[in-house]
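See below for the structure under consideration.
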Amino acid sequence: MAIAKIGELSVGDIAIIIIYLVTILIVGLAAAFRPNRSNAEGYFLAGGTVIWLQAGCSLFASNIGSEHFVGIAGTASASGYAVVLFEWLSVWVIITLGWIFLPVYMASAIYTLPEYLGKRFGGNRIRMLIAVISLMLYILVRISVDLYAGALFVKIALNWDLYFSILMLLGISAIYTAAGGLAAVVYTETVQAIFMVIGGSILSIYAFREIGGLDNLERLYMSTESYPNETLHGNNTCGIPRSDSLHIWRGFDSNLPWLGFIIGQIWCSLWYWAADQVIVQRVLAAKDLSHGKGATVLASAFKISPMFLMVLPGMVSRILYADEVACVDPEKCKEICESSIGCSNIAYPRLVVGILPHGFRGLVTAVMLSALMSSLASTFNSSSTIFTLDIWTKIRKLPVGQEINNLNNEARRRYNIEIMVVGRICVLILVLVSVCWIPMVQGSSGSQLFMYIQSINCAVAPPIAAIFLLGILWQRTNEKGAFAGLLCGFIMSVCRMLLIFTWHEPKCGQVDTRPWFITVIYIHYLWFAAVLFATTVLVTIAVSLLTDPIPPEYLYRLTYWTRFSRDERKDISLLYSQDMQDEKQPILGSQVKYHAQPEGDGKGATEISFTETENADDYEVVQTPPEDKDPQDLKQIAGAMLGQDHTDSAENLQSQKAGPKSVKSFFWKFVFWFCGISELEKVGDKMPQSVEDERNREEKQMDKILEEPMSMFLLWTCLGFVACAYLFLYIYYA
């Protein structure tokens, strides 16, 4: 790459980067020593003790990844101000998260959003479908795009080997995420948010000084200063800035129509901010509802900054380096940035290496590493949460609800170990998949990375947003309606994705050779998002009205209108136990079987039946060895992962009564500590949750959503100031 040939980093640059990486690693691993990381709430929700400042910084850092610095600055260099609307209009959705969605999520005592769908609608098909789709989006869109953006910056700014840099960043992110869970992510993201604001501000100041002040930006951007040589000295008009570059509200025929943002993009933002595990998990971990709302207000205030940290610097980069950032000749673009489509994505890293002195270059590099690592850590943690609690427990057919009451403390402890170990392993697998995906990402980003992200999100997200919105606000929505709406929406999404990857839009100056019907149905992704959302809503409403409603006693604390109810909620899975064979719950007089199948030839498979008698508190546990199988105890199955022998010998039975075996090896002690097992030996009966545990947690969560009058006054006052600030910006940059 021609622009990558820069001077060596100074000692100060290297020192700043090393100090930053070491600090982040220490902060993250410090969370691994928290005493509550060994249960689900401690690992996945940081014990529910996060204050508004930490949660708000975490929201912002989770959202602003390296793809924002690279992608938003790149799109701004190509088309001006309007890209900031993706950030500025999302503020109202962030507030909606705190005021509408979060009270319901907290009252329902959930860990994951697919879990909420399972409680709200019953059955497994909606919950599993969204969990699988979310994991696919995380791996193929979130992680891959972050890695591409980070790799692009590292190659231009540092001349480091691509795979060495990515493996190092992935390794550090995965270590403190796996070891400390959400607590590690939240603590490190608080530090990273500060780094991002400080480092980005320094670059902006240097950028404005380079062009003679902010007042000169608009004049220079629309002048020949921002034209590449091919446009300035040739007949090519592709390098001329758009005539509406200095307006955020653009016409219907624009690349970013204002009405498309209002009726289309808003639903993509609703999915991202209110129905996506990565973001919502931060406010679910808040101490109470007031702290959660405070976090959304703080994050909304932070969202003002992308205009000054990314959009304006991206436009400055085009002014200073037009021949590179705004190149139009495919061969020259290929030489500059290895993409024949265009090189707008290099706007931000090119500015860093071009105008910053040594020392500050290291600081801003640390900011980019911060953005990349925080985004990866957020995705890793949330992905492991979804996989462990929404998919793994179903694949393994692990005990749920009343079945857990039949397990003794030792069995429940080992069950908990499995849950926690799988969560850590999931993080490590995501790292491996991400590294394998890097070569494909290098050739799939196109010219404007941020537009690629938005087009994919708008093709997939609206159906999910529609189901969450209807589920919370309309009690008449039932499982059949929600599934029909999702299915219809995803069929449309698949068709749209086929169009995106099969028939590409022509480049500037090229003739459109696509079939006529493709040009007719290939509408702008913002318009498509509006159509997709409306279709999903209409189908869901129609099918719900044509089928039986869910009785109200199954919906307490699962809708906005019943969020304060303290009545006992019935388990909706029992309602569908007769016609939904994918999930069976214990019913009076019936047997529920927990299957544990070891590896190998199948010998030793255990089938344990829990029989519920007429007395709800009286259970009989019956072990039924299958034919031709050696009988084993459940402890032997659960203990297999620890490499411990749990036969029925008198010696082992005596050791089980005495407590878990001590581990002498330093290596195994470290492994057990890393997975939280050392603490689990002390708290073997904390998790998994029985029905009684879940009810107790719901009572605790109900107390969390009660707000003090003074807190409400402060929140509404701060919200008013933030709203006024955005209204001013909407008018000023109109």
Side-chain angles (χ1 to χ4, degrees), residues 1-6 66-67 69-80 83 144-145 147-159 162 220-242 245 255 310-311 313-355 368 438-455 500-501 503-514:
M1 294 172 61
I3 63 173
K5 296 179 180 179
I6 61 175
S66 56
E67 84 282 357
F69 284 96
V70 172
I72 291 181
T75 298
S77 72
S79 60
V83 66
S144 62
V145 167
L147 289 177
Y148 173 79
L152 185 64
F153 183 90
V154 168
K155 290 182 68 175
I156 293 175
L158 302 178
N159 268 336
L162 175 68
L220 293 175
Y221 184 84
M222 299 304 295
S223 71
T224 56
E225 291 287 334
S226 65
Y227 291 16
N229 283 332
E230 298 98 315
T231 301
L232 192 60
H233 303 295
N235 296 323
N236 197 330
T237 61
C238 293
I240 300 177
R242 296 180 57 90
S245 294
N255 65 327
M310 303 166 200
V311 174
M315 298 171 70
V316 171
S317 184
R318 174 172 178 145
I319 295 171
L320 297 177
Y321 312 106
D323 288 340
E324 299 167 355
V325 175
C327 71
V328 294
D329 180 72
E331 294 183 2
K332 186 175 182 180
C333 291
K334 186 72 174 178
E335 178 185 353
I336 293 173
C337 65
E338 300 181 0
S339 172
S340 61
I341 301 176
C343 293
S344 60
N345 286 331
I346 70 171
Y348 196 88
R350 183 64 182 92
L351 195 64
V352 171
V353 301
I355 67 174
M368 292 301 299
I438 292 175
M440 300 191 66
V441 175
Q442 288 179 281
S444 63
S445 68
S447 175
Q448 296 185 34
L449 185 64
F450 198 69
M451 294 299 98
Y452 165 80
I453 299 171
Q454 299 304 325
S455 64
I500 291 175
F501 293 110
W503 286 284
H504 301 282
E505 292 186 81
K507 304 174 187 176
C508 178
Q510 290 184 340
V511 179
D512 192 347
T513 59
R514 296 175 296 175

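Scanning for side chain to side chain contact (heavy atoms under 4.5 Å, CB included) contacts around S455 gives Y525, with sequence neighbours left out. The ring pair (Phe, Tyr, Trp, His ring centres under 6.0 Å) check on Y321 picks up nothing, with sequence neighbours excluded. For the side chain to side chain contact (heavy atoms under 4.5 Å, CB included) test, residues two or more places apart in sequence or in another chain that qualify with A73 are Y348.
When every heavy atom of P228 is checked against every heavy atom of A322, the shortest pair comes out as CB-O, 3.7 Å. Counting all heavy atoms, side chain and backbone alike, S317 lies closest to L351 at CA-CD1, 4.0 Å. The shortest heavy-atom contact between F450 and V83 is CD2-CG2, 3.8 Å. Nearest heavy-atom pair, A76 versus V311, reported as atom, atom and distance to 0.1 Å: CB-O, 3.4 Å. In plain terms, the two heavy atoms of Y221 and S245 that are nearest each other are CE2-CB, 3.6 Å. S77 and S344 make their closest contact through OG-CB, 3.7 Å (heavy atoms, listed as atom of the first residue, atom of the second, distance).
Cysteines C343 and C333 are not disulfide-linked, with SG atoms at least 2.5 angstrom from each other.
Between R318 and P241, the closest side-chain pair of non-hydrogen atoms falls below 4.5 Å. Put simply, the side chain of M315 does not reach to within 4.5 Å of the side chain of L220, judged on heavy atoms.
Atom CD1 of residue I72 and atom CG of residue N345 lie 12.0 Å apart, to the nearest 0.5 angstrom. With rounding to the nearest 0.5 angstrom, the CD1 atom of I346 is 5.5 Å from the CD atom of E324.
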Discussion item. Set out, in order, the CA-CA distance, both residues' side-chain angles and the distance that settles side-chain contact (heavy atoms from CB on, under 4.5 Å) for L320 and R350, then state yes or no.
Written reply: CA-CA 10 Å; L320 297 177; R350 183 64 182 92; over 6 Å; no
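Panel note: side chain T75, backbone G71; a donor-acceptor pair is recorded below 3.5 Å.
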